[in-house]
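One structure below.
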Amino acid sequence: MYSEEKSSLHRLLSLLHLSSSALPVGSFAYSQGLEYALDSGWCNNSSEVHDWIVMNLRFGLGHLDLPIYLRLFSAWKKKDLDSIKRWNAILLSFRETQELYWEDVNVGSAYARWHIGQDAERKPDVAVCALPTVVCMHALGAVYSELEPDWAMLGFIWSWCENQIACASKVLPMGQTEGQRMLQTLIPIMIEVGEQSCDVDDDNIGSGLMGMALASALHEQQYSRLFRS
Amino acid sequence: MIDVVTSEKDFQSVRHPISGQFESTPQYCEEQWHAKLFAEIKCSGNKAFLGKTDHYGPLRIQRPFFPEGRDCLHLYLLHPPGGLVGGDSLSISFDVKERSHCLVTTPSAGKIYRNIRGLPQVQNVGVNVHSGAKIEYFPQENIIYDGAEAHINTSVELKGDGVFCGWEITCIGRYESSDPFVSGSLKQSFQVTRDGTPVFSDRLILTANSSLQSGVAGLQGKCVAGTFLITTDLFPIDEALSLEQKNLQKKIVGWQTEFMQRNPDTLIAMTQKPMVWIVRALGNRAEKIRQVFEMLWAMIRPYAMGRPVCVPRIWCT
């Protein structure tokens, strides 16, 4: 095998690692408002769950997380610490609710610990942001693994979708098979969203997901909950 | 010290291209209205007063009121034309100096009409709040007419322990006139920074008829969206709440739950992020959302601003 091909396979597996749902960061504990949407009857069946996920994918990831992912990726690459801190803080300021804010900080901090576990020399990088977001830490991992940003973002998108479907399967009587089928149908949208996020200018960043923000805030008051967001 | 525009000599009457009403416009700019207003709020001893002001075009502030004592200034912001057509812009800025306190409101809703010129309709609000200062900013709703190309931008810069307490209510289309928002666009941004660090950001980029307008994760097909925020830790996250805070929280949540039961078409939700307390509301009638925010303000003001509620007179008319 050519060494070039070998190194690209190496990168592929690193991407799978970085995006694995088995990564010990705890994202499975969060639904990002989906639990409330299911509980309150905003989403009653798998087609409505699909619409919920697609909207969050297009406007939440596509207009907020991913454009900032790209900026953080290039900032890590250049070791531009001011930009890293700035974009990390901007992303946190966009988090709509207390739950979404703490989810990002908690999962992001778990990612930071994972980084140190991978390689103790990453300590100074991880210390750049006192409250690292998931996007910030995922982008750092992608830079360490020498991934291309478009591929790295696809990994990020994939884990997010997989997690949303896992949430829906736990709350809604939606079988595994149905969830797995939905994940397949989302693939073309995931690719489209990844591509479109490259065209979002700084002053167009933001999701505008009012319903999601309301769901998340109302989830904070929900009486019985499986998920932490 | 009060510099309020009273002269009409710069204005002439013309028929507004959309409303058909006679309104005044500066003679020197018939095609586009770029109205600007700057006002400084200062404080000396225990007295708040209007400092430097500057204006251009049809935007003005009325003589300040002191309905709750000399230490808090009530200001009415007037935009006599009442609305924006394509190419018009409004630029409003307040500089709230150290330790001063003011409350700003508007006597009527802002209107952003159907756009026939292709140039966007822009409203920029900039608020600077210095350390120890407070501003309460309660404009009436902005009504985005079908076909508008609206850009609404609010930017708050806090210094030290400056406090911003304010809301923004936006009608997307006119529900009551059965004139839904089926064409045009709205870009609405709201940013708050404290000593340069962003603490709250929100941006809606809405194209008429998009899934963002109809979807349950978006605007759910509703016509009025509101956000009310106070840049304070009303219910601190990382420390135990006092009995007073717990009681207030219980009271608000109870009131909110009851309101939503009585008004199933209106959603209200509140949340506390570090140093920003946020309420979001979604419904079909601006009046109802304003009522929700006014009620919450009445419950919260003693805790957040350290004084009992004092309803601006103009709200009662």
Side-chain angles (χ1 to χ4, degrees), chain A residues 32-34 36-38 40-44 48-49 51-60 63-64 68 85-102 105 131 200-223, chain B residues 151 153 170 172 186-194 196-207 210-222 224-227 235-238 249 252-254 256-257 260 266-282:
Chain A
Q32 301 187 358
L34 179 55
Y36 180 85
L38 291 162
S40 64
W42 292 4
C43 297
N44 285 308
E48 286 170 2
V49 168
D51 292 349
W52 177 273
I53 294 176
V54 168
M55 278 204 70
N56 279 280
L57 192 50
R58 283 195 195 285
F59 298 99
H63 263 271
L64 177 61
I68 292 182
K85 282 184 213 165
R86 190 165 73 90
W87 283 109
N88 191 71
I90 290 174
L91 183 53
L92 284 176
S93 76
F94 268 106
R95 290 295 173 227
E96 292 86 347
T97 62
Q98 180 180 120
E99 277 192 356
L100 294 168
Y101 176 93
W102 284 116
V105 168
L131 300 166
V200 180
D201 296 330
D202 284 5
D203 62 355
N204 284 328
I205 288 176
S207 75
L209 289 169
M210 186 75 167
M212 194 280 292
L214 284 161
S216 168
L218 291 167
H219 185 263
E220 290 171 10
Q221 300 170 8
Q222 199 171 314
Y223 181 65
Chain B
H151 288 223
N153 184 34
T170 310
I172 299 156
L186 165 65
K187 176 174 169 181
Q188 190 169 24
S189 310
F190 202 124
Q191 295 124 48
V192 183
T193 61
R194 186 180 294 280
T197 303
V199 290
F200 176 83
S201 306
D202 204 10
R203 184 171 287 124
L204 169 69
I205 298 180
L206 181 73
T207 308
S210 66
S211 60
L212 196 56
Q213 193 176 5
S214 54
V216 281
L219 295 166
Q220 308 195 339
K222 295 204 179 345
V224 186
T227 304
F235 307 108
I237 310 164
D238 44 7
Q249 196 170 37
I252 295 172
V253 171
Q256 169 212 336
T257 312
M260 286 210 285
T266 307
L267 290 162
I268 321 164
M270 51 207 78
T271 188
Q272 172 77 60
K273 280 182 68 181
M275 289 309 283
V276 208
W277 183 72
I278 309 159
V279 185
R280 291 186 179 83
L282 193 57

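Protein chains get the first letters and strands the later ones, always in sequence-line order, with residue 1 at the start of each. Just so it is clear, the structure is predicted and the values come from calculations on it, not from any experiment.
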At a heavy-atom distance under 4.5 Å, which candidate from B/Pro274, B/Gly215, B/Ala281, B/Ser189 has the highest pair count against chain A? B/Pro274
Do you know which of B/Ile237, B/Val192, B/Thr193, B/Leu204 has the most heavy-atom pairs with chain A at a distance under 4.5 angstrom? B/Ile237
Do B/Val216 and A/Asp51 come within less than 4.5 Å of each other through their side chains, counting heavy atoms only? no
For B/Thr271 and A/Glu220, test the side chains for any donor-to-acceptor distance below 3.5 angstrom and give the result as yes or no. yes
Flag the pair B/Ile252 / B/Phe235 as yes when at least one side-chain heavy-atom distance between them is below 4.5 Å, and no otherwise. yes
Counting only non-hydrogen atoms closer than 4.5 Å, does B/Gln220 touch chain A with its backbone (N, CA, C, O), its side chain (CB onward), both, or neither? side chain
With a 4.5 angstrom heavy-atom cut-off, which part of A/Ala215 approaches chain B: side chain, backbone, both or neither? neither
Can you tell me which portion of A/Phe94 sits under 4.5 Å from chain B's heavy atoms? Options are side chain, backbone, both or neither. both
Parallel under 30°, tilted from 30 to 60°, perpendicular over 60°: which one fits the rings of B/Phe200 and B/Phe190? perpendicular
Report yes if the side chains of A/Trp52 and A/Leu38 come closer than 4.5 Å at any heavy-atom pair, otherwise no. no
Is there a side-chain contact between B/Gln191 and B/Asn153 in this structure, where contact means two heavy atoms from C-beta onward sitting under 4.5 Å apart? yes
Flag the pair B/Arg280 / A/Thr97 as yes when at least one side-chain heavy-atom distance between them is below 4.5 Å, and no otherwise. yes
A/Arg95, A/Arg58, A/His63: which one forms the most heavy-atom pairs within less than 4.5 Å of chain B? A/Arg95
By a 4.5 Å heavy-atom criterion (distance strictly below it), what part of A/Leu100 contacts chain B: side chain, backbone, both, or neither? neither
Given that the side chain runs from C-beta out, which part of B/Val199 has a heavy atom under 4.5 Å from chain A: side chain, backbone, both or neither? backbone
In terms of heavy-atom proximity below 4.5 Å to chain A, should B/Gln256 be classed as side chain, backbone, both, or neither? side chain
Tell me, side chain or backbone of A/Glu96 under 4.5 Å from chain B's heavy atoms, or both, or neither? both
Contact origin within B/Met275 toward chain A - heavy atom pairs under 4.5 Å: neither
Do A/Gln32 and A/Leu209 have side-chain heavy atoms sitting under 4.5 Å apart? no
Tell me, side chain or backbone of B/Ile205 under 4.5 Å from chain A's heavy atoms, or both, or neither? side chain
Does the side chain of B/Leu212 come within less than 4.5 Å of B/Leu219's, by heavy atoms? no
What part of B/Lys187 is in contact with chain A, defined as an atom under 4.5 angstrom from a non-hydrogen atom: side chain, backbone, both or neither? side chain
Does any backbone or side-chain atom of B/Ile268 lie under 4.5 Å from a heavy atom of chain A? Answer side chain, backbone, both or neither. backbone
Just give me the residue among B/Gly218, B/Ser201, B/Ala225, B/Pro198 that pairs up with chain A most often, heavy atom to heavy atom, under 4.5 Å. B/Ser201
May I ask you to check whether B/Thr257 and A/Gln221 show a side-chain donor-acceptor distance below 3.5 Å? no
